[in-house]
Amino acid sequence: MMAFLKKVLLADDNLEFCRNISDILELKDYQVVTAHDGHEALELAKNERFDLALMDVRMPVMDGLEAFDRMQSALVQVPVIMMSAFAVEENLQQKPIYAYLKKPIDFDRLMALLDNLEQQRA
């Protein structure tokens, strides 16, 4: 039996952005759980199993990079795609993230990344 990627943690402080991404992913049969700051994302990641985390770099309370570091420290095993409207790629090169997406999101690229993850797990 193949273990397909189906449960996604979406962390972004922009509620409309979360709604849009959730709607698109849910149309593709993904289950999406949203967080609106890094602390909320961290708590969800520690308490639930996710197949992927999509995290904004800039969020209130705790930013996406700190949340990612704390997830790593807590041994949360989840591939992470970081997202940002700002030029932050140099900050991410030292991090073991799965991918980086610039906002506005290229949905074809996002779906290609999800397909690649599913194939890696098959």
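A quick note: this is a predicted structure, and the numbers were derived from the prediction, not measured. Nothing fancy with the numbering, it's 1 onward along the sequence.
Residues Arg58 and Asp63 fail the side-chain proximity criterion, which asks for heavy atoms closer than 4.5 Å. Using a 4.5 Å heavy-atom cutoff, the side chains of Leu117 and Tyr98 are in contact. Side-chain contact between Leu101 and Leu110 is present, with at least one heavy-atom pair separated by less than 4.5 Å. By the 4.5 Å heavy-atom criterion applied to side chains, Tyr30 and Leu114 are counted as neighbours. Considering only heavy atoms from C-beta on, Ile105 comes within 4.5 Å of Phe17 through its side chain.
Cluster annotation: Met59 is not connected to Ile97 through the hydrophobic network of ILVMFWY side chains, with a link wherever side-chain heavy atoms come within less than 4.5 Å. Both Phe107 and Val8 are members of a single hydrophobic cluster when ILVMFWY side chains are connected at heavy-atom separations under 4.5 Å.
Distance CE/Met111 to CZ/Arg109: 13.5 Å, rounded to 0.5 Å.
The salt bridge (Lys or Arg N to Asp or Glu O under 4.0 Å) contacts involving residues 32-43 comprise Glu43-Lys46, where partners must be two or more places apart or lie in separate chains. Judged as a side chain to side chain donor-acceptor pair (under 3.5 Å), not a single pair has a partner in residues 13-26 (not counting sequence neighbours).
Atom NE2 of His36 is surrounded by more than 12 heavy atoms from other residues, nucleotides or ligands within 6.0 Å.
The only option from Leu52, Leu25, Ile21, Leu54 that meets the side-chain contact (heavy atoms from CB on, under 4.5 Å) definition with Val32 turns out to be Leu25.
Cys18 and Leu10 make their closest contact through O-CD2, 3.5 Å (heavy atoms, listed as atom of the first residue, atom of the second, distance). Ala41 and Leu9 get closest at one heavy-atom pair: O-CD2, 3.6 Å.
With sequence neighbours left out, the side-chain hydrogen bond (donor to acceptor under 3.5 Å, both in side chains) criterion links Gln31 to no other residue. Under the rule for a side-chain hydrogen bond (donor to acceptor under 3.5 Å, both in side chains), the partners of Lys103 that lie at least two apart in sequence or sit in another chain are Asp12, Asp56.
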Could you walk me through whether Lys6 and Lys28 pass the side chain to side chain contact (heavy atoms under 4.5 Å, CB included) test, one step at a time?
CA-CA 9 Å; Lys6 286 297 165 196; Lys28 304 272 187 188; over 6 Å; no
Would you mind writing out the side-chain donor-acceptor pairs for residues 67-83 within the sub-3.5 Å range, not counting sequence neighbours?
residue : atom : partner : partner atom : Å
Asp69   : OD1  : Lys95   : NZ           : 2.9
Asp69   : OD2  : Lys95   : NZ           : 3.0
Arg70   : NE   : Glu66   : OE2          : 3.1
Arg70   : NH2  : Glu66   : OE2          : 2.7
Ser73   : OG   : Asp69   : O            : 3.1

